[in-house]
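Within every chain, numbering begins at 1; the chains are lettered A, B, ... in the order of the sequence lines, protein sequences first and strands thereafter.
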There are 2 protein chains.
Amino acid sequence: MLNYIETFPDSVEMEELLVWLKALADPKRLRIFNLLMEGVQCNCEIGDVLDMAPNLISHHLNKLRAVGLVDAERDAGDSRWIYYSINRTALEKVNVALGAFLNPQRIQPRQPACGPRAESACTTDFSLNKDDE
Amino acid sequence: MLNYIETFPDSVEMEELLVWLKALADPKRLRIFNLLMEGVQCNCEIGDVLDMAPNLISHHLNKLRAVGLVDAERDAGDSRWIYYSINRTALEKVNVALGAFLNPQRIQPRQPACGPRAESACTTDFSLNKDDE
DNA sequence: AATATAGTTCAACATAAATTGAATTATATT
DNA sequence: AATATAATTCAATTTATGTTGAACTATATT
């Protein structure tokens, strides 16, 4: 009678995935990210297209940068301008992680350990052994 | 001189993607979803594994159900028990949508429309024509 | 030197969402 | 009938996060 344990790669990978999901799970950030996918690069143009204040764009770009999804680079000639772009390495990592996490083949046809169909009921002895101290 | 326009499939698809991302972008919900992927099915077992209160699990399962990612089914013999499972159709849709959205090939090597490298500066005439009323 | 530009940073505010505890529903067990 | 069980619903609270406006930095233009 095995006590169930989470098995997805490991909690570290899930933590990393979570960070990426949170970064993308905002309407404005998702649109900004989308624009960067399409090649738009500076704060001001994003503002023109999405009709957002530059400080708000800056805030969201910071969040995307903080998790590594987006890179920033100043213009060589006129350093007032900053060009933002998708970090391809990070994008690939996200794709791999999401692909693994959401892989339909991971779905197990496991019998419930709880309920009438189970060998043992929930309350029985899912807790750890008491004699481990 | 074209004014830039968002092109990802359409705003409807992005809206749908956002809904899924938001559903998954929560630490507890991501772990619950993961357990469901691994075949764990009832509220009580999730509670045992993740050490969470049943009402909180219920709340998160509702969120996952609300966006179609998770199905619920009562035990035929003892209807107090509810078995939760991943909705495979929804999962496939998420995979397709994410795959399309995060496809590295979408990244365009586009020159910025703003800044010194651009033909015209940002402030020039990105706004709509004034004579359209 | 004075002004304009691109963008950021900061603090205050508003909003949304997770969490908690208590009460409730519905079914099964004794 | 009385009690136990699995899970939900509800209202109250807390926590996190997006948004706003003002001030600031750094560079370029006139």
Side-chain angles (χ1 to χ4, degrees), chain A residues 18-19 21-33 40-48 50-67 70-84 112-118 120-124 126, chain B residues 18-19 21-33 40-48 50-67 70-84 112-118 120-124 126:
Chain A
L18 179 67
V19 163
L21 287 171
K22 282 170 90 168
L24 293 174
D26 172 87
K28 304 238 166 102
R29 259 194 319 268
L30 193 65
R31 295 184 73 191
I32 290 174
F33 185 89
V40 175
Q41 288 159 322
C42 71
N43 184 320
C44 98
E45 189 173 13
I46 295 171
D48 277 331
L50 301 185
D51 193 31
M52 289 169 58
N55 57 344
L56 185 52
I57 296 170
S58 200
H59 167 252
H60 286 304
L61 283 170
N62 268 335
K63 291 236 161 184
L64 291 170
R65 262 185 349 128
V67 301
V70 163
D71 290 329
E73 181 198 354
R74 286 192 183 269
D75 186 286
D78 183 341
S79 69
R80 286 175 304 178
W81 299 81
I82 301 177
Y83 302 114
Y84 291 96
C114 287
R117 297 191 210 162
S120 65
C122 243
T123 47
T124 319
F126 266 103
Chain B
L18 179 66
V19 164
L21 288 171
K22 283 170 91 167
L24 294 174
D26 173 87
K28 304 241 166 99
R29 244 173 357 246
L30 193 65
R31 294 185 73 190
I32 290 174
F33 185 90
V40 174
Q41 291 159 321
C42 70
N43 185 320
C44 98
E45 191 174 12
I46 296 171
D48 277 332
L50 301 186
D51 193 32
M52 290 168 58
N55 58 344
L56 186 52
I57 296 170
S58 202
H59 167 252
H60 286 304
L61 283 170
N62 267 335
K63 291 237 160 183
L64 291 170
R65 260 182 354 125
V67 302
V70 164
D71 291 329
E73 180 198 354
R74 285 192 183 269
D75 185 285
D78 184 339
S79 70
R80 287 174 304 179
W81 299 80
I82 301 178
Y83 302 115
Y84 291 95
C114 285
R117 299 192 208 160
S120 64
C122 243
T123 46
T124 319
F126 266 102

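Contacts between residues 21-30 of chain A and DNA chain C, counted as heavy-atom distances below 4.0 Å, involve no residue at all.
Atom-to-atom, CG of B:L56 to P of D:dT14 comes out at 17 Å; the value is rounded to the nearest Å. In this entry the distance linking CD1 of B:I57 with P of D:dT9 reads 15 Å, nearest Å. Distance B:R65 CZ to D:dT9 C1': 13 Å, rounded to the nearest Å. Across the protein-nucleic acid pair, B:E45 atom CD and D:dA7 atom P stand 10 Å apart, rounded to whole Å. At whole-Å resolution of the value, CG in A:L64 and P in D:dG18 are 10 Å apart. In this entry the distance linking CG of A:L50 with C1' of D:dG18 reads 15 Å, nearest Å. Rounded to whole Å, atom C1' of C:dG7 lies 13 Å from atom OH of A:Y83. Summarising the geometry, the separation between CD1 on B:I82 and P on C:dT27 is reported as 11 Å, rounded to the nearest angstrom.
If you check C:dA17, D:dA7, D:dT20 against the side chain of B:K63, the one that comes closest is C:dA17.
Under the side-chain hydrogen bond (donor to acceptor under 3.5 Å, both in side chains) criterion, B:R80 pairs with B:D78, sequence neighbours left out. Listed by chain and number, the residues in a salt bridge (Lys or Arg N to Asp or Glu O under 4.0 Å) with A:D26 amount to none (sequence neighbours excluded). Listed by chain and residue number, nothing satisfies the side-chain hydrogen bond (donor to acceptor under 3.5 Å, both in side chains) test with B:N55 (two or more places apart in sequence, or in another chain). Listed by chain and number, the residues in a side-chain hydrogen bond (donor to acceptor under 3.5 Å, both in side chains) with B:H59 amount to none (sequence neighbours excluded).
Using a 4.5 Å heavy-atom cutoff, the side chains of B:L56 and B:K28 are in contact. When side chains are defined from C-beta on, A:I32 counts as touching A:L50, because their heavy atoms get closer than 4.5 Å. Using a 4.5 Å heavy-atom threshold, the side chains of B:N43 and B:S58 count as touching. B:H60 places a side-chain heavy atom less than 4.5 Å from the side chain of B:M52.
Between the CZ atom in A:R29 and the CG atom in B:L21 there is a gap of 11.0 Å [rounded to 0.5 Å].
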(request) Encode nucleotides 21-30 of chain D as B, S and - characters from 5' to 3', where the letter depends on protein heavy atoms closer than 4.0 Å: B to the base, S only to sugar-phosphate, - to neither. (result) BB----BS--
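Using a 4.0 Å cut-off, some side-chain N or O of A:H60 falls inside it from OP1 or OP2 of D:dT19. Look at A:N62 and you won't find any side-chain N or O under 4.0 angstrom from OP1 or OP2 of C:dG7.
Using a 4.0 Å heavy-atom criterion, one finds that A:H59 contacts the bases of the nucleic acid, with or without backbone contacts as well.
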